[in-house]
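Lettering follows sequence order; numbering is per chain, from 1.
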Amino acid sequence: MVSGGSANRPSFLDRALATRLGCAAFQAVAAAPLFREGLPVSQEPLTQELPPHMRPEKSFQGLILALQRFWADKGCVILQPYDMEVGAGTFHPATTLRALGPKPWRAAYVQPSRRPKDGRYGENPNRFQHYYQFQVILKPNPPNLQELYLESLKAIGIDTLLHDIRFVEDDWESPTLGASGLGWECWCDGMEVSQFTYFQYVAGIECFPVSGELTYGLERLAMYLQGVDNGYELNFNGREGAEKVTYGDVFKQAEEEYSRHNFEHADIEMLKRHFEDAERECRMLLEAGTPDPKSNDQRHKMVLPAYDQCIKASHRFNLLDARGVISVPERQSYILRVRELAKACGAAWLETEAGGKAA
Amino acid sequence: MPELLLELFSEEIPARMQRKAADDLQKLVTGALVDAGLTYEGAKAFSTPRRLALTITGIPAHSAPTREERKGPKVGAPEQAVQGFLRSAGLASLDEAKIQSDPKKGDFYVAVIEKHGRHTTDILAEALPAIIRSFPWPKSMHWGSGRLHWVRPLQSILCTFGPETEDPEIVRFEVDGIASSNETRGHRFLAPDAFAVRRFEDYAEKLEKAKVVLDPERRKDIILHDARDRALALGLELVEDEGLLDEVAGLVEWPVVLTGTFEENFLEIPPEVIRATIRANQKCFVLRKPGTTDLANRFVLVSNIEARDGGVAIAAGNGRVIRARLSDAKFFYDTDRKETLESRLPKFEQIVFHEKLGTQAERIERIVRLAAEIAPLVGADFAEAQEAARLAKLDLVTEMVGEFPELQGLMGRYYATAEGKAPAVAAAIEEHYKPQGPGDRVPNNPVSIAVALADKLDTLAGFWAIDEKPTGSKDPFALRRAALGVIRIVLENGLPLPLLPILLPHLDRLEGQFDKTGVGFDLLVFLMDRLKVQLRDSGARHDLVDAVLSVGQDVDHGAQAARGASLTGAVLTYTNDVPLLIVRRVEALGAFLATEDGRNLLGGYRRAANILKAEEKGGERFDGAVDPALLIEPEERALAEAIGIALPAAEQAVSREDYAGAMTALAKLRAPVDAFFEKVLVNADDPAVRVNRLRLLAAIRSATRAVADFSKIGG
């Protein structure tokens, strides 16, 4: 829900899930039929058959693998994380661009998300400048998406007759992407563990068919499943004793170092320059990929590289924001500039094959 | 008589939209029945997070047959006219028309259009899809590959119609691929299977068995009573919260009330913060120690399931989230107190208040000056008012207010108190936002008054200066509320504060090119309109308000501006910008008009005014001085003398703010005015005498203007 911040400052308690991630390289997908029927919902929880170190309630990576396995079984392409810094998950081309156009699409992936401003020098057990989200996108959304989501909770060991699962209104909006959707925060015993959104607009373009998007906040979900109050104490590999590796073992030093970088040392002039370079490059690439009016093939030829530059610009903006050098009116103008890039890329995407344009 | 049952089953509907949606459904469906010529006995709509349900009883099975005769062209009329008639009446040929004779007009065709009554099921099957397609959700969406818009995906439609004694039939229709049926589902987790129903009676009953309480009022009742009982069992008291109760009842189909605990050391956090945290983020209630405002380290949560373990895991889970939230709140509270409020001032140089009105820092500076100017007029300590005004907005950049905007002001008060600021200063930080609405308290501590007035008047002056005034229903900056706040503060505190001498110099401080005097007067008119609304709402006669307000409005603007420019010249004689004095005048005028003298004087005034109106039609004015040499009759001499005494007496009384005294002075005119009209003929033969008498009448008119414009008095 939108809260009216009085001093133009976003609150950060819920920011962990307020934006989503981006993702991976594109793989060819066989054209699937338009799914009007719901996907089959299986009955048995999957966790019992797993060895202890793979169980989602014992292992952070076990949680990720269980979700991947679950959504792979539902016909999703399981992508690997996108190789760029993204702060808002919807920036991922597998979500932003694939949500546009008529072609069916199903993908699931983990994406590291970077929120420079959320760094706390490793001192806050709930707030990281780098964390993981598990993202699922289904276009068009199957009619039983809510049931599939609930089934995925069972697959990671959440018993819906023991825990109170709730769908609480939470409409989502990304001003930088010109994107918005309607949906819910999904609560488990009062904790927001996922966001569930039906995309309505992306890059300023109305979505048809509509994608259903699920975003699981992995650290938070794992903390709940493992029963720990400190994110750094999460068991990462599910092992015990000397073999045990915690989330802190993997990421605490990184949180400390990146907090210094994000707040104190990132070169402001360089970031500003990079923002402008990326903005220019994005426009140049879009221009260069525009088909020759005399050509037989009227499809756009360079949307994905252009879109990478949009992602780059966005992250540079986030770093500048963390450095505290962006005034309120400037902030608005930066957001608008990224949105213009996203909109141009979205419009060009519809002119490509994956965007639904015939040769 | 038959009854209708309709249920629209969907994915979770936002709690805040459910009640209105149920009302809208009832209105739209009953409206469609009435439009189709059907009657009904009763209707009731319900909502849960996943369904809107409607039952309408006593609907006839058919609409009544109708018979209409439509007059056509004359026999032998041109073919074109005949064809048009056949088309419009829906006849195949003239054979289907009757011929009627009229003694004057001759023979002409008549079409008899008989409509059989329609089956109500057909009427419904036609009307309902249209209602569903155009349902007035405040925000709706589409999903999948469908084109239907609904608040969240619509999953199924149940619709039956029939008499109580038989099995009702399904009203068959389809909306975007969803076919109506007689089936629904129970609770998402506790009873997810589909089941068939016949009519409302067994529908509600079966739902209840399937763990769905259909009626939101009953859900609220269950929650409230169980929550109170739970509190009582713990020796505590529920902090009741109607808004939260409404919302929570819209989040569950099967309310199960549980309690949970958090660590006692969190109680160091201000109770308002604990409550805001638990309420906003977790939708839980807080508990307090009986008869105190001290919170207990317990909370009440409303779950949607009867859990296998009796709710132990749910309460524990919610407790963990609340602990994490309170840890954050405590962290904010501790962090915020590490720096003084004052040290945050530079941050406001970066925050734009409005693009045309500069930064928050500039606004704070203006409020400080204004509060300092108002302070001596309202009995506030000058230094305290300045300090409070400087600190009043600074909590906006604290962590806590960033998280909970509704705690603005209150946190400032806590932080200022912790810094050892004077109690009046700390209180003013909280109270300067008041009154927030008609039900809100008005501040009465002088420092709070000074800062509250400064804040509101600066807002008003600023938006007036950039011409962003409220229009119609649009008031994005809540300027009406600010103006009403100003009015209420001065009235309820009995402050005879003149507004123009405060506003005009303040407008001078705003940047930009605008007509400062004009804007100042325009804003004064707006404030006076709020005063009128306020008086009318409290039962005062608005004609008396107008009568009082309209005197003195023709005063020379230049002179007023000159006076306004020097604030120190505390000459409070001009009473039209002093809301309190206007109210006192209205009260005195009302009291005067309730007396016999008052009523008669009003009668005399009207007689004089009517004569003058007729005489002044030609453009001639009679405002000149009365010539004593031309006064012949004793009654006119007496009247002139009485006016000569009453007018200055009334004016003097007004200048002493002694409105009762002014009315008493005017009352002395009543007898001479009566006598004058009884004995003296205004239309004397001698034109000079006549003009002099008209001038005497004009003198009556202007004497009454010392207190009010009598022409505005109605009744």
Side-chain angles (χ1 to χ4, degrees), chain A residues 1 3-14 34-36 102 124-127 140-147 150 159-171 181-184 187-192 196 198 200 206-210 212 223-224 227 229 324 327-329, chain B residues 11-17 49 139-146 151-153 155 177 188-190 251-252 256 280-284 301 303-305 307-309 311 313-325 327-328 331 347 350-352 355 360 396-397 401-405 408:
Chain A
M1 266 186 260
S3 65
S6 41
N8 222 328
R9 204 200 51 168
S11 74
F12 57 61
L13 266 185
D14 281 313
L34 279 179
F35 311 96
R36 276 303 295 196
N124 184 318
N126 290 306
R127 203 90 58 221
N141 68 269
N144 62 342
L145 186 55
Q146 273 189 316
E147 280 154 53
L150 294 170
D159 179 346
T160 54
L161 290 176
L162 201 56
H163 297 284
D164 187 22
I165 309 297
R166 227 75 80 68
F167 293 93
V168 181
E169 177 190 15
D170 188 27
D171 299 340
L182 269 62
W184 310 274
W187 286 18
C188 174
D189 298 340
M191 161 135 51
E192 185 197 345
F196 188 133
Y198 293 104
Q200 302 295 300
E206 188 170 11
C207 299
F208 188 83
V210 169
M223 283 165 73
Y224 192 74
D229 288 330
S327 71
V328 175
Chain B
E11 297 179 7
E12 276 75 357
I13 306 167
R16 65 191 171 92
M17 300 178 189
K139 213 171 175 187
S140 63
M141 53 165 273
H142 59 112
W143 61 93
S145 306
V151 62
R152 291 293 183 277
Q155 296 285 10
R188 186 186 274 290
F189 302 109
L190 300 172
L251 291 173
V252 294
V256 176
N281 296 315
Q282 298 309 125
K283 324 258 185 240
C284 291
L301 77 107
S303 146
N304 190 32
I305 60 165
R308 282 208 314 261
D309 66 350
I314 296 173
N318 274 277
R320 283 185 55 197
V321 186
I322 282 179
R323 278 197 290 284
R325 298 286 193 184
S327 299
D328 280 335
F331 175 77
K347 288 191 184 166
Q350 302 298 318
I351 304 170
V352 175
E355 55 174 324
Q360 283 275 28
L396 290 177
V397 296
V401 175
E403 190 61 29
F404 299 109
Q408 65 178 16

Look at [options] and state which one has the largest set of heavy-atom pairs under 4.5 Å with chain A.
options: Leu301(B), Asp309(B), Ile322(B); result: Asp309(B)
options: Cys284(B), Ala15(B), Ala307(B); result: Ala307(B)
options: Ala316(B), Pro153(B), Pro49(B), Gly311(B); result: Pro153(B)

Short question: side chain of [X], backbone of [Y] - any donor-acceptor pair under 3.5 Å?
X: Glu169(A); Y: Ile13(B); value: no
X: Gln282(B); Y: Gly190(A); value: yes
X: Trp184(A); Y: Glu12(B); value: yes

Exercise: identify the closest heavy-atom pair between [X] and [Y]:
X: Asp189(A); Y: Val321(B); value: O-CG2, 4.0 Å
X: Leu161(A); Y: Phe189(B); value: CD2-O, 3.5 Å
X: His163(A); Y: Ala313(B); value: CE1-CB, 3.9 Å
X: His142(B); Y: Val210(A); value: O-CG2, 3.3 Å

Check whether [X] gets within reach of chain A through its side chain, its backbone, both or neither, counting any heavy atom under 4.5 Å.
X: Ser327(B); value: neither
X: Val151(B); value: backbone
X: Arg320(B); value: side chain
X: Arg323(B); value: neither

Could you look at Leu145(A) and say if it's the side chain, the backbone, both or neither that has a heavy atom under 4.5 Å from chain B? neither
Pick one: which of Val256(B), Ile314(B), Val252(B) meets side chain to side chain contact (heavy atoms under 4.5 Å, CB included) with Asp164(A)? Ile314(B)
Cationic N near anionic O, under 4.0 Å, Arg152(B) to Asp171(A): yes
Residue, of Cys207(A), Gly183(A), Gly212(A), that accumulates the most heavy atom pairs under 4.5 Å with chain B: Gly183(A)
In Å and rounded to the nearest 0.5 Å, what is the [atom1] to [atom2] distance from [X] to [Y]?
X: Gln155(B); Y: Gln146(A); atom1: CD; atom2: CD; result: 7.0 Å
X: Asn141(A); Y: Ser145(B); atom1: CG; atom2: OG; result: 8.0 Å
X: Arg188(B); Y: Arg166(A); atom1: CZ; atom2: CZ; result: 12.0 Å
X: Trp187(A); Y: Leu251(B); atom1: CH2; atom2: CG; result: 7.0 Å

Please step through side chain to side chain contact (heavy atoms under 4.5 Å, CB included) for the pair Lys283(B) and Val168(A), ending with a clear verdict. CA-CA 10 Å; Lys283(B) 324 258 185 240; Val168(A) 181; 4.2 Å; yes
